[in-house]
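Input: a single structure, listed below in structure tokens.
Naming convention: chains lettered A, B, ... in sequence-line order (proteins, then strands); numbering from 1 in each chain.
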Amino acid sequence: MGFLITTLIFVVVGIIASLCVRICCNRGPSTNLLHLTLVITATVCCWMMWAIVYIAQMNPLIVPILSETE
Amino acid sequence: MAESHGGGGGCCPPMDLMRSEPMQLVQVIVPMESAHLTVSYLGDLGLVQFKDLNSEKSPFQRTYAAQIKRCGEMARKIRFFKEQMSKAGVTPKETLDRENDIDLDDVEVKLEELEAELVEINANNDKLQRSYNELVEYKLVLEKAGEFFASTHRSATAQQSEIETEQVGEDLLEAPLLQEEKSVDPTKQVKLGFLTGLVPREKSMVFERILFRATRGNIFIRQSVIEESVVDPNSGEKAEKNVFVVFYSGERAKSKILKICEAFGANRYPFSEDLGKQAQMMTEVSGRLSELKTTIGAGLDQRNILLETIGDKFEQWNLKIRKEKAIYHTLNMLSLDVTKKCLVGEGWSPVFAATEIQDALHRAAVDSNSQVGSIFQVLRTKEMPPTFFRTNKFTTAFQEIVDAYGVAKYQEANPSVFTIVTFPFLFAVMFGDWGHGICLLLATMYLILREKKLSSQKLGDIMEMAFGGRYVIFMMSLFSIYTGLIYNEFFSIPYPLFASSAYDCRDVSCSEATTIGLIKTRDTYPFGVDPVWHGTRSELPFLNSLKMKMSILIGVAQMNLGIIMSFFNAKFFKSAVNIWFQFVPQMIFLNCLFGYLSVLIIIKWCTGSQADLYHVMIYMFLSPMDDLGENQLFPNQKIVQLTFLFLALVSVPWMLLPKPFILKKQHEARHQGLSYAQLDETDESLQVETNGGGHGHEEFEFSEIFVHQLIHTIEFVLGAVSNTASYLRLWALSLAHSELSSVFYEKVLLMAWGFNNVFIWIVGILVFIFATVGVLLVMETLSAFLHALRLHWVEYQNKFYEGDGYKFAPFTFTLVGNEDE
């Protein structure tokens with residue numbers, strides 16, 4: 001559940017970012033396509049990293065064992 | 001491998017920066033009188049790369065060799081001025097106005113005048129300085145020798161009076177020899193001559209000895225040390241010297257002594273015994289010294305004024321001369337038409353610049369008042385054009401990073417499109433700490449905000465590189481903040497920023513926290529690594545496993561992206577053989593093995609199974625028919641694995657064998673009926689194609705193609721394993737970074753805090769800051785930068801990049817201004 005919601009958040013952020021970029025620097029179709037590609041790539045990279053770390057912690061095989069001093 | 005150029009898109013809409021700008025070979029015919037102006041305007045435009053049509057001629061045979069020699073002469077004079085100015089400490093005035101109104105001939109005349117004047121002034125100054133130094137030496141000689149003579153005079157007179165008193169009442173037998181000597185009539189004594197001068201101190205002992213030997217001991221020499229060092233008139237440098245006085249008898253001795261003095265570089269000065277004359281000489285010399293001093297001062301002032309006037313115009317002249325030299329070099333590349341009335345030039349230029357170039361030609365023709373206009377036409381050629389990307393200040397740095405490895409072949413896909421995002425991202429995966437990321441961001445914001453000011457200054461080498469890469473570092477820092485939040489490290493301290501930790505004690509007493517550990521009671525920590533992990537005993541096993549798997553997943557993703565780029569290339573160049581017999585088997589091979597591994601990782605994470613993935617992958621190859629037992633992650637896994645193994649094995653000969661045969665068939669089909677080829681009526685380049693570029697019989701060595709394909713296949717297959725493993729450096733560097741950061745925090749800051757002493761605390765903070773900046777912010781940044789770069793250059797680009805093009809280097813004056821001669 002949390003995974004899906006946050007994935008949706010990433011998608012929404014990506015869409016908003018590409019809209020912002022389109023609004024503030026609109027310079028012809030080929031340049032716009034480049035900007036869109038960059039934004040999508042960045043969103044996908046960020047999402048992928050978050051997703052990997054999240055999924056790895058969903059069903060942990062190792063649990064934290066506190067150290068003696070604490 | 002000859003593939004048809006200019007395949008022209010069709011598959012996808014055009015994207016900026018993805019492929020090189022379309023370039024064309026243009027031919028320009030200019031009349032002689034407007035040639036200079038034309039080249040000058042084209043240089044201002046900066047969009048034409050001229051081909052050297054006179055490459056067989058030596059530099060002296062070219063048309064404008066004389067002009068270049070002229071420019072070379074003027075450049076030499078300018079360099080001479082610069083030297084003189086820097087010696088005198090005059091800095092040339094910075095001028096940013098680019099006026100083209102100054103005429104080269106005027107400049108030449110002016111430079112000659114100024115040089116003659118400057119050389120004269122310098123010569124005069126040197127002469128005056130030399131006389132001054134000689135006089136200084138002379139004065140020293142007068143002083144020291146004068147002292148010597150005065151003292152010996154005194155002692156001589158003292159002795160004389162002593163002997164006289166002795167002579168009066170003494171026994172004749174007691175000192176017979178002495179009496180005999182003293183009874184000699186003074187007038188019959190042999191007259192001693194003497195020489196005075198200065199000799200360098202290190203040679204003084206040798207000097208004495210040689211004099212002694214040469215004159216067989218018949219000289220008397222007396223030396224006196226001068227405390228301060230004296231400027232030697234011949235060499236102009238300071239040297240330690242001694243004043244010497246040599247007494248000799250006879251002409252032969254004198255000539256010998258003179259020769260020896262010359263050999264030792266000992267300067268001699270006349271000296272008279274008479275006390276009165278000595279005093280006179282002293283006053284004269286002192287007077288002349290002060291006179292010379294003022295004269296020299298005046299001379300230097302005059303020279304400085306001259307240098308200042310030069311300094312005013314220096315930059316302008318410098319620029320103009322460089323410009324002219326560049327123009328003449330370019331003019332030398334144009335070939336002279338048979339009628340000697342016009343010059344023909346060929347060059348590469350982007351298609352979009354055609355109108356601008358024609359405009360410039362027209363303006364030049366008008367401005368030079370020529371009757372005939374220039375002709376501009378496009379040539380058809382099979383040569384490979386240079387690669388040109390239009391970059392802005394943001395994308396330039398990324399393009400340079402890619403170009404450093406190899407310039408893209410004309411119109412192949414440009415890796416820098418995705419590198420703009422993936423390079424800072426991979427850097428951040430290795431750097432991940434949002435505290436350090438913020439420091440990096442602040443540093444680079446300073447560079448970006450002071451962009452305008454810093455770009456006009458001359459920065460040092462390292463600053464220049466950092467400034468040039470400011471946008472790269474900016475992206476790197478933004479992504480670092482993001483990955484820092486994910487790794488949950490702020491100078492190695494985690495914070496529960498998004499929710500509370502998911503882990504809790506098993507029971508209220510929390511007795512097993514240090515033996516068996518906590519358990520997961522709440523929902524997974526929503527963003528990033530749970531903050532409870534830092535400092536626990538099982539932190540490293542957990543994080544290592546996480547980061548290694550993450551590296552594999554990211555690596556497989558980037559390599560897939562690389563193979564997909566090769567698909568786009570094949571689509572663009574309309575090469576179906578590359579799609580079906582290279583792209584498809586490569587995708588199948590990589591994904592059946594490492595894509596499958598990635599899927600297994602995700603399944604293991606999602607289900608929480610305890611399967612050993614190493615075991616699964618290795619035994620998939622070693623004994624694929626075995627039962628999986630407890631390593632089973634999903635039903636029918638054995639069948640799936642067998643299928644994938646089979647597909648991977650099949651894809652290897654699929655990559656290797658068909659392509660060479662198909663290429664051979666294609667080549668034969670192309671040249672089937674070409675024994676009688678019709679002559680093309682199109683304009684061809686003036687340069688004869690020496691390399692078998694395209695016309696006539698193409699060479700097709702089947703064995704070469706086959707070996708090439710074999711190498712390609714082996715590289716890909718072996719590379720699949722090694723490249724995937726190479727991505728583990730993402731894990732390695734991120735581990736190193738977090739460990740270093742945690743050591744600095746715990747062992748420096750916390751330890752200093754434990755002492756409860758303000759002084760130690762301050763020292764601790766300083767050490768912490770220096771260690772963080774020096775090791776983590778500088779060294780780790782460079783290290784992660786380097787490794788991210790390597791991952792891009794090798795693991796990503798070798799999936800699709802050929803990189804054997806050459807860069808478009810237009811003739812432009814903006815570079816001329818920045819050259820250092």
Subject >> Selection from B:Gly608, B:Gly517, B:Ser538 maximising heavy-atom pairs under 4.5 Å formed with chain A >> reply: B:Ser538
Original post:
Does the side chain of B:Trp731 pick up a donor-acceptor pair with the side chain of B:Asn544 at under 3.5 Å?
Top reply: yes
Original post:
Of the backbone (N, CA, C, O) and the side chain (C-beta and beyond), which part of B:Lys604 lies under 4.5 Å from a heavy atom of chain A, both, or neither?
Top reply: side chain
**OP:** Check whether the side chains of B:Thr396 and B:Thr391 place a donor and an acceptor atom closer than 3.5 Å, and report yes or no.
**Re:** yes
Subject >> chain B contact via A:Met48 - side chain, backbone, both or neither, heavy atoms under 4.5 Å >> reply: side chain
**OP:** Compute the centroid of each ring, for B:Tyr525 and then for B:Trp533, and state whether the two points are separated by less than 6.0 Å.
**Re:** no
Original post:
Between B:Phe542 and chain A, which part of the residue has a heavy atom less than 4.5 Å away: side chain, backbone, both or neither?
Top reply: both
Subject >> Contact leader toward chain B among A:Ala42, A:Pro29, A:Cys46, where contacts are heavy-atom pairs under 4.5 Å >> reply: A:Cys46
Original post:
In terms of heavy-atom pairs under 4.5 Å with chain A, which of B:Tyr482, B:Phe418, B:Phe479 leads?
Top reply: B:Tyr482
**OP:** Please examine the side chains of B:Pro424 and B:Phe398, heavy atoms only from C-beta on, and report whether any two atoms are closer than 4.5 Å.
**Re:** yes
**OP:** Taking atom types as modelled, find out whether B:Gln399 and B:Asn414 have a side-chain donor-acceptor pair closer than 3.5 angstrom.
**Re:** yes
Original post:
Which bit of B:Ser545 comes within less than 4.5 Å of chain A, counting heavy atoms only: side chain, backbone, both or neither?
Top reply: neither
**OP:** Go through the atoms of A:Leu38 and report whether side chain, backbone, both or neither lie under 4.5 Å from a heavy atom of chain B.
**Re:** both
Original post:
Taking B:Val532, B:Ile554, B:Leu17, B:Thr515 one by one, which has the highest count of heavy-atom pairs under 4.5 Å against chain A?
Top reply: B:Thr515
Subject >> Which atoms of B:Leu561 approach chain A - backbone, side chain, both or neither, heavy atom under 4.5 Å >> reply: neither
Subject >> Side chain / backbone / both / neither for B:Phe527 at chain A, heavy atoms under 4.5 Å >> reply: both
**OP:** Measure A:Thr37 against the heavy atoms of chain B and call it side chain, backbone, both or neither at under 4.5 Å.
**Re:** side chain
Subject >> Between B:Trp434 and B:Tyr487, ring centroids under 6.0 Å >> reply: no
**OP:** Please say whether the positively charged group of B:Arg390, taken as NZ for Lys or CZ for Arg, lies over the ring of B:Phe352, i.e. under 6.0 angstrom from the six-membered ring centre and within 45 degrees of the axis.
**Re:** yes
**OP:** Answer with side chain, backbone, both or neither: which region of B:Ala557 has an atom nearer than 4.5 Å to a non-hydrogen atom of chain A?
**Re:** side chain
Original post:
Just by distance, with hydrogens left out, do B:His792 and B:Gln558 show a side-chain donor and acceptor under 3.5 Å apart?
Top reply: yes
